[in-house]
Structure formats: structure tokens, C-alpha cells
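This chain uses plain numbering: 1 for the first residue, then up along the sequence.
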Amino acid sequence: AADRVTASVTSLCCCCWRAGSEWSRRGSESVSTRRLSAQLPVSVVRSVAVGSRAAMCGRTACTLAPDELSRASWYRDRSGRRRRPQWREGDAEKYRPSYNRSPQSLGPVLLSHRHFNKDAPVDECVLALMRWGLVPAWFRDSDPKALQFSTSNCRSESILQKKSYKEPLLQGRRCVVLVDGFYEWRRQEKDKQPFFIYFPQSPPGLDPAAPKPPSCPHLLDQGEEGEGSEWTGWKLLTVAGLFDRWSPPGGGEDLYSYTVLTVEASPSLQGIHDRMPAVLDGEDAVQRWLDFGEVRPLDALTLLRPTDCLTFHPVSALVNNSRNNSPTCLQPSQTPPPSASSKMMRNWLSAAPLQKRKASETPEEQGGVEVLGRGGARSGILKWVTRTDPNKKPRTG
């Protein structure tokens, strides 16, 4: 009996080895821990070995309208001038706000205009719509959904060991993923408690002369004049990402897609999850990450580190289902006691009736997700929610 068990195990191991070899030959994300251990620090090998232990950053929210998103995405060029990005042609019309965005849906990113126009300055940025979940340029199947491994997240420690991410990094294909915040789940005894995590928001009436927390560079730029009207709405979370361009083997439109880079969780978030997105805190970090002309790939990787400048509040289990896509997803739950930022969000959401923001959208347009919009009373820091362009014509289809 022992011999039969041994033979079965040996056969199984051989099959797994052959499958692994074939998978590696096709460019999979499989990594040999034994081979890495001789080349990499122990911490990196450990992170690769447990890479599939728990997925993270699998749900985000980005609720701004296209024009609002442009006004909220100021960046600095090499001269230090603050500039407002424009949308890549045609992308603003395709974009849909979402309170509960999941992988394989389309999301907004900020990146160098040079990636689309070889004559554009490297430090000129544009907003573009890309699929969440990187489809490598080398992928040869005609259907991106046939990709056999998840690429919605990439561990920063192992970028250089994975072909799908190493090549875009070395080609300078860096982007900034723009979100209101992201959801993360904390494991409990019988279930999981979801949290919404985001940049702290300045409360209404904050004295602009009051000192800002030095650990939060994103707060230092509030109130600065720039092109057009000053943005006083929600402060977007700026997350480091990589993107690639995939061309269908049989011809057709190129697909741009991205992955969210992750790092070890900061001390304040370790009680929720052991990983977090690589947040670029401040305009200088954003500018350096996007400027692939001056900042080399290995130097850019030094920007990827945990940041403790985030706040969070618990939300209801409604967000567990990606088809639930309304302001209720962001609503702080009753326990534990909400922070100042979550109280602001609660007041704003409670005053905002549910209504369709994009009436023309169908579930198929957003990866099977129905997208609802925000409207409501002019109260609190987020009065911008109700701002509309009187010259904008409603879409009918």
C-alpha cells in the first residue's frame, strides 16, 4: 500500500512538473522559488511564494463625472507648472463612474501623452480609459478573457521576475490609476468585514493657513491656483500602475490594459490586510512615476513603498457583490465609531438621493455592473456633486 501511495505521489509530481514546465514556456506567471532563492533576498522570495495566499485591491470606486475627473487630476510637468490633463480622444464618452468597480471593467488612468503621440512631450499627461487586468503584449489568444492567470494586481517585489510586468516596466509603460478609494476585506471568525480606504479629506471650513500633516503631501497642494477653476471636491487616490498594449492576432483595435502595483501594508492597515496598493502620495511622486524619460525603471521602483497617510471606515456587505453599484456601497456602517472623514461621507451620502448618472449605460458596458450616479443637496465639502454643465446635452444612447 505504501508503495502504491509513493508511486501515485511520484506520478502526480511528475505531471505537475510537466504542466509547470509547459506553463513557464508559454510565459506564465509561475516562478521557481528554488531558483529565485539563490538570487533574491529572503523577503522577496517569501513574498513570491505566498503571492496567491490572498488577493487584494480587487474592488475600487471612482464616482466623478468625466469633467470632474479631469479637474481633480492636476499634475506637475518638469518645470513645476501645475497642469490639468485632457482626455484622450473618445475616452471621455466611454467612461462610466462606478461605486463598485471590479477587474475587467474600464477605469481611468493618468499617463504620459507620449505613449499615444510620439511628438508629444514626455511630461505632458492625458487621461485614458483602460481595462483593469493587464493583457500582455505577447499574449497570442484571440480572446483576452482566455488569459489563465490574474493580472489585476502585481506585487512590486517581483515585477522583475515576471515577464508580463517586467517588459512594460522596462518600456516605460507606467501609469497612475485614479480612484476615490478602494475596498478591502478583513477576515473575521465567520465572515469578512469590508472597509473603504481613501485619502483623508479636508473638512469644510478648514483654515487654509493651518499646518497640514507633513506625512500627507497630497494635502499640501490644496488651495493652489492653476488652469481653470480650483478643484475643491474629493481628493483622488493616486495609485502606481503598469499598462500594456495588446493587438488582436487577427487584427482589430488595440486593447490598453493595466495592473495595480501592491506593497506591504502600512502599520495602520495591517489589521485589515497584509498588502495595499502602492499609493503615490503627492504631486512630486506622481510626476516622477510618470516621467519615464528622466526617471529610470529601477529608480521609479523606489517610489513604491507603504504609505500611512490613509483613512478608512467599515461599509456594509452590500459591496461584496459587484452588481451592487450605488452610493450605499460607500456608506459608513455603524460600527466601529466613524472617523471625521467617514462622518463627512455619511452626511454627504445621506443627503444624496439615488438617481441615474449615466442613464444610457447597460450592465454589459461595465462588465455586467449597473452604474448609478450621485446627486443631492448642496451641503458639506462635496457640493461639487451637484454641479452640472448647463451646456451639456443629456445622452440618449
Side-chain angles (χ1 to χ4, degrees), residues 62 66 69-70 72-79 81-95 103-139 144 147 151-154 156 159-160 162-179 227 236-248 251-261 277-278 280 283-301 303-304:
C62 189
L69 194 62
S70 173
S73 303
W74 293 97
Y75 70 93
R76 292 190 187 275
D77 59 21
R78 289 177 179 175
S79 68
R81 179 189 177 194
R82 267 181 118 231
R83 303 179 64 179
R84 173 182 170 181
Q86 300 301 312
W87 280 91
R88 182 192 180 205
E89 185 177 358
D91 282 4
E93 291 74 18
K94 300 176 184 177
Y95 164 73
Q104 296 191 22
S105 63
L106 299 178
V109 301
L110 183 70
L111 72 164
S112 171
H113 195 188
R114 177 69 68 84
H115 294 296
F116 302 116
N117 181 357
K118 64 180 181 180
D119 297 323
V122 174
D123 62 340
E124 177 184 289
C125 295
V126 294
L127 290 170
L129 206 58
M130 294 189 183
R131 176 189 186 269
W132 183 10
L134 187 144
V135 179
W138 51 260
F139 186 60
L147 196 63
T151 56
S152 56
N153 294 163
C154 169
S156 61
I159 290 178
L160 296 177
K162 298 186 178 183
K163 179 181 178 182
S164 296
Y165 309 123
K166 178 181 178 179
E167 291 183 358
L169 175 69
L170 297 182
Q171 293 168 2
R173 294 183 173 179
R174 308 195 296 258
C175 64
V176 172
V177 182
L178 301 171
V179 294
E227 299 177 8
L236 292 175
L237 200 61
T238 45
V239 177
L242 293 174
F243 75 93
D244 210 345
R245 184 180 68 181
W246 173 78
S247 300
E253 183 179 358
D254 289 348
L255 174 66
Y256 286 85
S257 57
Y258 70 89
T259 187
V260 171
L261 302 182
L280 300 167
E283 291 179 337
D284 179 66
V286 169
Q287 188 271 331
R288 293 187 61 205
W289 178 253
L290 294 180
D291 194 345
F292 65 92
E294 284 194 348
V295 182
R296 293 173 174 268
L298 295 183
D299 293 331
L301 292 181
L303 297 170
L304 308 181

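Taking 4.5 Å as the limit, some side-chain heavy atom of Tyr256 sits within range of a side-chain heavy atom of Arg88. Within the 4.5 Å cutoff, no side-chain heavy atoms of Leu147 are placed close to those of Leu134. Counting heavy atoms from C-beta outward, Leu127 and Asp91 have side chains that stay 4.5 Å or more apart. For the pair Arg83/Glu124, a side-chain contact is recorded, criterion being any heavy-atom separation below 4.5 Å from C-beta on. Between Val109 and Val176 there is no side-chain heavy-atom pair separated by less than 4.5 Å.
Atom-to-atom distance recorded for Gln104:CD and Thr151:OG1 is 8.5 Å, nearest 0.5 angstrom. Atom CE of Met130 is separated from atom CG of Leu255 by 9.5 Å, given to the nearest 0.5 angstrom. Atoms CG and CG, from Leu69 and Leu236 in turn, are 6.0 Å apart once rounded to the nearest 0.5 Å. Residue Asp291 holds its CG atom at 10.0 Å from CZ of Arg114, rounded to the nearest 0.5 Å. Leu301 contributes atom CG, which lies 8.5 Å from atom CG of Leu261 (distance to the nearest 0.5 angstrom). Within the model, atoms CD of Gln287 and CD of Glu294 stand 7.0 Å from one another, a figure rounded to the nearest 0.5 Å.
Between the side chain of Trp289 and the backbone N or O of Cys175, at least one donor-acceptor pair lies under 3.5 Å. A side-chain donor-acceptor contact under 3.5 Å links Asp77 to the backbone of Arg81. Between the side chain of Asp254 and the backbone N or O of Arg245, no donor-acceptor pair lies under 3.5 Å. Side-chain N or O atoms of Tyr75 include one that pairs as donor or acceptor with a backbone N or O of Cys125 at under 3.5 Å. Here the side chain of Ser112 pairs a donor or acceptor atom with the backbone of Val122 at under 3.5 angstrom. Within the 3.5 Å criterion, the main-chain N or O of Pro66 finds a donor-acceptor partner in the side chain of Trp87. Within the 3.5 Å criterion, the main-chain N or O of Leu242 finds no donor-acceptor partner in the side chain of Thr259. The closest donor-acceptor contact from the side chain of Ser70 to the backbone of Pro85 lies under 3.5 Å.
Between His115 and Phe243, the ring planes lie perpendicular to each other; the angle is over 60°, past the 30° to 60° tilted range.
Summarising the local packing, CZ of Arg296 is surrounded by 12 or fewer heavy atoms from other residues, nucleotides or ligands at distances under 6.0 Å.
Heavy-atom minimum distance, Gly133 versus Ser257: O-CB, 3.4 Å. Summarising the geometry of Leu129 relative to Pro108, their closest heavy-atom pair is CD1-N, 3.9 Å, with the distance given to 0.1 Å. Considering every non-hydrogen atom in both Leu280 and Thr238, the closest pair reads O-OG1, 2.6 Å. The minimum heavy-atom distance linking Val260 with Val177 is given by the pair CG2-CG2, 4.3 Å. The nearest pair of heavy atoms linking Phe292 to Arg174 is CA-NH2, 3.4 Å. Nearest heavy-atom pair across Leu178 and Cys62 is O-SG, 3.7 Å.
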Carefully, step by step, assess Gln86 and Val126 under the rule side-chain contact (heavy atoms from CB on, under 4.5 Å).
CA-CA 5 Å; Gln86 300 301 312; Val126 294; 5.5 Å; no

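Under a 4.0 Å N-O distance rule, the pair Asp244/Arg173 qualifies as a salt bridge.
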